[in-house]
Number of protein chains: 2
Amino acid sequence: MKNMTQEPRNILSQHKVSITNPRIIVLDTLLDFGNPITIEELQSKLKGKVAKSTLYRVLNDLKKINILNEFTSPDNAVVVELILEEDSHHHHLFCSDCGEVIDVELSDEFEMMLVKEMEKVQKELNFEIKDHRVEMFGLCTDECSNCE
Amino acid sequence: MKNMTQEPRNILSQHKVSITNPRIIVLDTLLDFGNPITIEELQSKLKGKVAKSTLYRVLNDLKKINILNEFTSPDNAVVVELILEEDSHHHHLFCSDCGEVIDVELSDEFEMMLVKEMEKVQKELNFEIKDHRVEMFGLCTDECSNCE
DNA sequence: ACAATAAATGAGAATAAGTCTCATTTATTT
DNA sequence: AAATAAATGAGACTTATTCTCATTTATTGT
Ligand SMILES: [Mn+2]
Ligand SMILES: [Mn+2]
Ligand SMILES: [Zn+2]
Ligand SMILES: [Zn+2]
């Protein structure tokens with residue numbers, strides 16, 4: 001049985017955000033794409049359906065309720081991705097050629113070691129570390145449909 | 001004895017880039033600041049000395065000869081830093097409050113483990129990984145002069 | 001279900017980071 | 001020192017994102 005939280009209407013009501021057409025459409029598009037997506041690509045998918053200003057507003061709404069992650073790719077494209085409850089902590093791999101962004105889960109041992117490193121840094125620099133991010137850069141090989 | 005490579009004129013001539021005033025001034029400012037700096041802050045330091053268009057051109061020149069690293073902070077500010085020969089591989093810590101960016105060197109054991117993780121990912125995803133970046137987010141504590 | 005109220009939207013104007021143009025200045029080469 | 005090539009400054013231009021405001025849509029209370 002499919003997770004109810006993945007329905008746009010449920011996601012919105014769970015977060016006490018009013019259910020509107022543009023919000024449903026944007027969520028649907030993000031859920032359907034299923035991967036990190038550039039604003040540019042998202043805009044092209046929504047052309048004629050959601051106004052540009054509304055798209056940015058909806059994305060901000062989703063950020064505010066902490067279900068949208070935003071970051072910048074090495075070629076300075078803004079990328080967003082939904083954070084679903086079922087998603088586990090992960091990182092990203094960027095293709096320098098086609099710009100594709102791929103989710104990557106690293107091993108628990110590695111994540112534990114990273115936490116230890118952060119604890120060391122915290123003490124040394126007297127800084128309270130809340131979060132981290134690991135980004136990997138490289139090149140898609142043969143099976144990428146975008147680069148060739 | 002101070003490293004000759006740290007003199008703007010030497011840096012430029014070593015990279016076969018012509019020695020001009022704006023380039024010297026920008027390099028001096030970056031060297032003097034000694035830390036990653038936002039474009040905004042850099043511009044304010046250069047106000048009246050180097051034209052905006054020239055600043056961007058010089059930064060591009062430095063990127064081309066691979067002595068400038070550029071990245072985006074979590075609040076979407078563009079940050080640059082000089083890559084000096086004496087610098088070792090390192091990562092960054094961002095204060096979510098004041099925006100400060102701090103260099104962080106992680107342990108060799110950690111870096112080795114990260115390389116191993118990347119090798120695993122490479123095989124699994126058939127992706128050629130060239131580089132990586134670890135970013136840590138948090139809050140400066142007491143001794144930060146910017147946040148208070 | 002219906003009116004009243006509050007919130008969200010669309011269209012396009014405004015803002016601002018970064019790029020481009022071109023006349024002038026500066027560096028390099030001869 | 002003159003000739004040539006490269007770099008600069010000023011401001012125009014481009015474009016991603018934000019803002020404004022009149023209209024539409026959602027929510028609430030009856
Ligand atoms: Mn992801
Ligand atoms: Mn650094
Ligand atoms: Zn690719
Ligand atoms: Zn701080």
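Here is how names work: the chains are called A, B, and so on, in the same order as the sequence lines, proteins then strands, and each is numbered from 1.
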Expected rows: protein N/O vs nucleotides 12-17 of chain D N/O, under 3.5 Å:
residue : atom : partner : partner atom : Å
D/dT17  : OP2  : A/Tyr56 : OH           : 2.2
D/dT17  : O5'  : A/Tyr56 : OH           : 3.2
D/dT17  : O4   : A/Lys52 : NZ           : 3.2

For nucleotides 3-7 of chain C, list the nitrogen or oxygen atoms of the protein found under 3.5 Å from its nitrogen or oxygen atoms, one pair per line.
none

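Among residues at least two apart or in separate chains, side-chain hydrogen bond (donor to acceptor under 3.5 Å, both in side chains) pairs with a member in residues 23-38 of chain B are B/Ser18-B/Arg23, B/Arg23-B/Asp61. Residue pairs meeting the salt bridge (Lys or Arg N to Asp or Glu O under 4.0 Å) criterion with at least one partner in residues 36-45 of chain A, sequence neighbours excluded, do not occur; the list is empty. Residues in residues 13-58 of chain A take part in no ring pair (Phe, Tyr, Trp, His ring centres under 6.0 Å) pair, two or more places apart or across chains.
Atom CD of B/Glu41 and atom P of C/dA17 are 15 Å apart (whole Å). Here C/dG12 presents its C1' atom at 16 Å from CG of A/Leu55, a figure rounded to the nearest Å. Going from atom NZ of B/Lys63 over to atom C1' of C/dT19 covers 12 Å, rounded to whole Å. A straight line from CD1 of A/Ile24 to C1' of C/dA8 spans 13 Å, rounded to a whole angstrom. Whole-Å rounding puts the A/Lys64 NZ to C/dA8 P distance at 9 Å. With rounding to whole Å, B/Asp61 atom CG is found 12 Å from C/dT19 atom P. For B/Leu59 and D/dT8, the CG to P distance is 12 Å, given to the nearest whole Å. Atom NZ in B/Lys47 sits about 16 Å away from atom C1' in D/dA10, given to the nearest Å.
For A/Thr54, taking side-chain heavy atoms from C-beta onward, the closest of the listed nucleotides D/dT8, C/dA8, C/dG10 is C/dG10. You'll find that the side chain of B/Ile19 is closest to C/dT28, out of C/dG10, D/dT8, C/dT28.
Evaluation of the side chain to side chain donor-acceptor pair (under 3.5 Å) rule for A/Lys116 yields no partner, not counting sequence neighbours. Legend: residues meeting side chain to side chain donor-acceptor pair (under 3.5 Å) with B/Gln43, ordered by chain and number and at least two apart, are absent. For A/Asp87, there are no side chain to side chain donor-acceptor pair (under 3.5 Å) partners, not counting sequence neighbours. Among residues two or more places apart in sequence or in another chain, the side chain to side chain donor-acceptor pair (under 3.5 Å) test is passed with A/Thr54 by A/Arg57.
Hydrophobic cluster membership for A/Phe94: A/Phe71, A/Val79, A/Val101, A/Phe137 (Ile, Leu, Val, Met, Phe, Trp, Tyr linked by side-chain heavy atoms under 4.5 Å, directly or transitively). Taking Ile, Leu, Val, Met, Phe, Trp and Tyr as hydrophobic and joining them when side-chain heavy atoms fall under 4.5 Å apart, one finds A/Met112 isolated, its cluster having no other members.
Toward the 5' end of DNA chain D, the nearer of the two residues A/Asn60 and B/Ala51, judged by each one's closest nucleotide, is B/Ala51.
Checked by distance alone, B/Arg57 brings no side-chain donor or acceptor within 3.5 Å of a matching partner on the base of C/dG18.
No donor-acceptor distance shorter than 3.5 angstrom exists from the side chain of B/Thr72 to the backbone of A/Thr72, with no hydrogens or angles considered. Formation of a donor-acceptor pair under 3.5 Å by the B/Glu135 side chain with backbone atoms of A/Val134 is not found in this model. Checking side-chain atoms of A/Glu105 against main-chain N and O of A/His89 turns up no donor-acceptor pair under 3.5 Å.
Comparing the axis of the opening five pairs of the helix from C/dA1-D/dT30 to C/dT30-D/dA1 with that of the closing five pairs yields an angle of 40°, rounded to 10°.
A close approach under 4.0 Å does not occur between any side-chain nitrogen or oxygen of B/Ser53 and OP1 or OP2 of C/dG18.
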